[in-house]
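Numbering starts at 1 and runs along the sequence shown.
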Amino acid sequence: PGDVGMSGPSNTGCVPSSQISLTPSSNQCDASTACSNPLLSCVNNTCVPQTLMCSNNCSRHGTCDYFNKNTGLSWTGGVCNVQDINCKGVCSCHDGFNDADCSLSDTDWLAQQRGRAQLLTSLIGTIDSDSTVDESEVTSLSSSLAGITQTVGMLAPADVVRASSVAETVIRSVASSPAKALEVSGGVLSSLNALMIESESSDIGSLQNSLQKFSEVLSQNDLFSSVLYDNFRVGRSEVAANGTVSTPISPMEKFMEVAP
């Protein structure tokens, strides 16, 4: 609490908001005078925003390319800095390497992808023929699905569709139990977030529909307030007690007073 930084895994560390000044009194610095804002670095005696780095610096097996978070198009402003809240860095791996940070060889990456496919097959085998699971088993199912989907890009397209079906099964199974929905919310929402990143555009509508249904169940639990993920923010309206799904706002955006 009180820290500001990039949401999700990042090479940029979080810093206390109390240490940040968006309008520093001076942009001059030297070896003895540090920049007043921890998000700035001293370059040629001038305080400039730190460059946004890709995950693990792409393991030295790729280049960091920048994209607009809202459009998915290449970033037109050159290299991003940590205060460019609409920009994200994505690794473009060299031939022979893969994964979000280019840390795996193609051979290892394919082996892990096959392993996750096998785990998903085993998980689907626990679901009844009517596409439901007992309430006593839904927590385990949700946790297992979150583990399988946690690494973006590690599922083949066909397995993304299968995993989406499992997520929908969990949501159906807790539709009449707001308490159970809250218990499994972490696994369900993290899975939906990862699957939205990996899904084909034609499948996004189905995932968004599932997310909306799940938010409506969560909103019936007074203990639920709101959660933030890369692709959505789920909240509860105190007035109408309705589930709401909207675009995300990161801690950095909130600090800089950017409207959602």
Side-chain angles (χ1 to χ4, degrees), residues 3-15 38-39 41 49-120 143-160 162-164 167 186-187 189-201 203-204 207 227-232 248-253:
D3 291 337
V4 174
M6 307 301 295
S7 62
S10 172
N11 273 6
T12 305
C14 296
V15 297
L39 297 178
S41 296
Q50 295 177 16
T51 299
L52 179 65
M53 306 298 290
C54 276
S55 177
N56 199 29
N57 290 329
C58 301
S59 307
R60 299 184 179 181
H61 296 310
T63 57
C64 189
D65 296 329
Y66 298 101
F67 296 88
N68 188 304
K69 288 182 178 179
N70 304 310
T71 65
L73 300 177
S74 296
W75 184 251
T76 58
V79 176
C80 293
N81 66 63
V82 296
Q83 293 180 341
D84 288 327
I85 57 177
N86 293 314
C87 182
K88 64 177 180 180
V90 178
C91 287
S92 177
C93 300
H94 297 153
D95 289 345
F97 292 93
N98 216 311
D99 207 11
D101 63 353
C102 306
S103 60
L104 296 176
S105 68
D106 283 346
T107 300
D108 290 341
W109 185 81
L110 288 172
Q112 290 201 24
Q113 191 179 68
R114 287 192 294 270
R116 288 176 189 270
Q118 292 171 356
L119 290 173
L120 185 57
S143 298
S144 298
L145 180 63
I148 292 172
T149 60
Q150 67 179 343
T151 303
V152 175
M154 197 60 78
L155 290 178
D159 291 327
V160 171
R162 294 201 300 157
S164 300
L189 293 175
S190 65
S191 296
L192 289 175
N193 180 64
L195 291 170
M196 283 183 177
I197 296 173
E198 299 190 42
S199 291
E200 300 291 338
S201 58
D203 298 321
I204 291 294
L207 288 170
V227 289
L228 167 73
Y229 285 87
D230 293 331
N231 292 294
F232 53 80
I249 182 169
S250 68
M252 179 70 79
E253 291 171 315

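- Note that CG of Asn86 is 9.5 Å distant from SG of Cys80, once rounded to the nearest 0.5 Å.
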Item checked: Derivation of the side chain to side chain contact (heavy atoms under 4.5 Å, CB included) call for Leu145 and Ser191 -> CA-CA 7 Å; Leu145 180 63; Ser191 296; 3.6 Å; yes
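- The shortest side-chain heavy-atom distance between Phe67 and Leu73 does not fall under the 4.5 Å cut-off.
- A side-chain N or O of Asn56 and one of Ser59 form a donor-acceptor pair less than 3.5 Å apart.
- Here Asn98 pairs with Asp106, Trp109 under the side-chain contact (heavy atoms from CB on, under 4.5 Å) rule; sequence neighbours left out.
- For the pair Leu104 and Phe97, the minimum side-chain heavy-atom distance is 4.5 Å or more.
- Asp101 and Ser103 make their closest contact through OD1-OG, 2.6 Å (heavy atoms, listed as atom of the first residue, atom of the second, distance).
- If you take CG on Asp108 and CG on Asp99, they are separated by 10.0 Å, rounding to the nearest 0.5 Å.
- Interatomic distance, Met154 CE to Leu110 CG, rounded to the nearest 0.5 Å: 9.5 Å.
- For the pair Asp84 and Trp75, the minimum side-chain heavy-atom distance is below 4.5 Å.
- Atom OG of Ser164 and atom CG of Leu207 lie 4.0 Å apart (nearest 0.5 Å).
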Next item on the list: Go through Asn81 and Gln50 one step at a time and tell me if the side chain to side chain contact (heavy atoms under 4.5 Å, CB included) criterion holds.
Entry: CA-CA 5 Å; Asn81 66 63; Gln50 295 177 16; over 6 Å; no
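- We find the CZ-CG distance between Arg162 and Leu195 to be 12.5 Å, quoted to the nearest 0.5 Å.
- Nearest heavy atom pair, residue Val82 against residue Thr51, reads CG1-O, 4.1 Å.
- Between the side chain of Arg60 and the main chain of Cys102, no donor-acceptor pair closer than 3.5 Å is present.
- Distance check, rounded to the nearest 0.5 Å: CD of Gln150 to OG of Ser190 gives 8.5 Å.
- A donor-acceptor pair under 3.5 Å links the side-chain atoms of Tyr66 to the main chain of Leu52, judged by distance alone.
- Counting heavy atoms from C-beta on, the side chains of Val160 and Pro157 never come closer than 4.5 Å.
- At least one side-chain heavy atom of Arg116 sits under 4.5 Å from a side-chain heavy atom of Leu155.
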Per-pair distances, 0.1 Å, donor-acceptor, side chain in residues 87-94, under 3.5 Å, sequence neighbours excluded:
unit_1 : atom_1 : unit_2 : atom_2 : d
His94  : ND1    : His61  : O      : 3.3

